[in-house]
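Some notes on the structure that comes next.
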2 protein chains.
Amino acid sequence: MRDSLTSSPDHQLAKAVKDSKAPAISRAAAVLRLLGKSEAPLGLQAIARELGLVPSTCLYVLRALVAEELVSFDPDTKRYALEAGVLTLARQWLRRNEFADLAQPVLDRLAQTFGVTMLGVQIFGLDRIVTVAVSQSAGFQLSVQVGSRFPALISATGRCIAAFGDYPDSQLEARFRPLRWEDPPSFAEWQQQVAETRRQGFGIDEGNYISGVTVLAAPVWKQRGRPSHALVAIGLGSALKRNGMPELQDALLASAQTLTIQLGGKMPRP
Amino acid sequence: MRDSLTSSPDHQLAKAVKDSKAPAISRAAAVLRLLGKSEAPLGLQAIARELGLVPSTCLYVLRALVAEELVSFDPDTKRYALEAGVLTLARQWLRRNEFADLAQPVLDRLAQTFGVTMLGVQIFGLDRIVTVAVSQSAGFQLSVQVGSRFPALISATGRCIAAFGDYPDSQLEARFRPLRWEDPPSFAEWQQQVAETRRQGFGIDEGNYISGVTVLAAPVWKQRGRPSHALVAIGLGSALKRNGMPELQDALLASAQTLTIQLGGKMPRP
DNA sequence: GAATGCTATTCAATATACAGAATGAGAGAC
DNA sequence: GTCTCTCATTCTGTATATTGAATAGCATTC
């Protein structure tokens, strides 16, 4: 997901449209994502220009999306925005997502016990991870955080993905290079940390991703092979050291193993 | 949204596909909704049969949705299900939904003060309402409830929509008839309650929708005209009577009026 | 082990969704 | 007031998405 500065016709979209036998769907998804990213409702031209679509085609896409209640249309301003229909889909997804269900009480318990923010994330290969469950020790604006996306190899979860995913180094490096850290490790340093992660069973990011913030991640398997999810603990570095890192590490690892078993998965080495 | 018993090719979909200039999008939306409704992942044939689609067309739709990460595909079982991409869209919608943002603290306060479950809902004409924010006095599985849909005229919110929407009686009755209540009022009784709602400024449902459960709803306006949202309080009838119904009514009405002003709307009678 | 269901998938013909130009419809400049 | 610029929208021919049949895979049954 490259940030599009001002107006750069979407190149990836052009390819997706060409290859697909249902290009309207790629266009529709691109429109939805653009509307999601935008701070304010957008007009037809703005959308068409940003995505490199012909205005008339774009209009038909938008009309179809409005008819499906995925996009709202204000007849006065002629502006389009996301509609609540997307919420309904998300709710349905959450309802039958086993991992989110099973992880939630675990996250709540760990967040409360150790005073950290806990995430349950789903892994999408080497591409990215998505937050699917959240528990915060203080305050509770749950739903706004669920659904966040991050590059796969960033922070502690990234070290887990690299450690247990069995990817060739060349692929890892290609994905590693463009990452943005506040305090970036070198690829060599990072590979050592990945090796350490493989040994310990969980990953640590000590202020690399965000200065002063320590992140722990333990992988969860749904099938044998590559991990499908992870449990993540996020805390201020100082707070974590005081509050017993070792205990949190043990608890995190144990919870991840329990979840793996509940999901019918298999840890890599018995 | 008619419940499709077993296998009834979707009639509404057929019409939507025909009228639209981008039928693939209607098909895609129908597939997403079907996958959302389904308890388990579905195979290609099952989806095509249920929606009345040609299997090959359905395959292309599914492939496009998989490419957009809105649908997941298990190569072993050849089954399709909703993917986490829908979550990301929902999160983006929530982030820039003014009503949900403004309503959340209000709902939290009312839920805690009166020991009731509070909802913020968005109104879609005479068709339906969608829950966009939730606060429960005990326990907190927020996200799973957000996104729920109900028929527009059901329960207390329905009386508000009828009272302040200025719809012709014939339309109201057509929408009223098919509603399912546990203890259904007659249309005449209901119209009296609607009149009462117009007088009081908020709607009450005392055990009609669900026996033993009292629901209060106060409308919120985003523009002049028809109400766009509502605040809803749900409690056991007995608990509500003890805990000071009048106070809750006043607080609900006051909060709805405050929200209306914050959203830049206008109450009907100055 | 062949046969019979069921799947998912490919393929070739054609109905139609789409691109691009032409037309309306407003908003602002002067 | 008129002109102009930009926006949304309609119109029309053609590349192509969709269709329905044909193929291929994979269990289960006989």
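Reminder, nothing fancy here: chain letters follow the sequence lines and each chain counts from 1.
- Between the C1' atom of D:dA17 and the CG atom of B:Leu53 lies a distance of 14 Å, rounded to the nearest Å.
- Between A:Glu68 and B:Arg27 there is no salt bridge, since no side-chain N of the basic residue sits under 4.0 Å from a carboxylate O of the acidic one.
- Taking the ring centre of B:Tyr80 as origin, the terminal cationic atom of B:Arg63 falls outside the region bounded by 6.0 Å and 45° from the ring axis.
- Nucleotide D:dA17 holds its C1' atom 9 Å from the CZ atom of B:Arg27, rounded to whole Å.
- Every residue two or more places apart in sequence or in another chain that forms a side-chain contact (heavy atoms from CB on, under 4.5 Å) with A:Arg175 is listed here: A:Leu126, A:Asp127, A:Leu153.
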Does the protein touch nucleotides 6-16 of chain C at the base, only the backbone, or not at all? Give it as B, S and - per nucleotide, heavy atoms under 4.0 Å.
-SBBBB-----

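- Under the 4.0 Å criterion applied to side-chain N and carboxylate O atoms, B:Arg128 and A:Glu69 are assigned as salt-bridge partners.
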Do A:Ser148 and B:Arg91 pass the side chain to side chain donor-acceptor pair (under 3.5 Å) test, and can you show the C-alpha distance, the side-chain angles, and the key distance before you say yes or no?
CA-CA 7 Å; A:Ser148 303; B:Arg91 167 171 165 270; 3.1 Å; yes

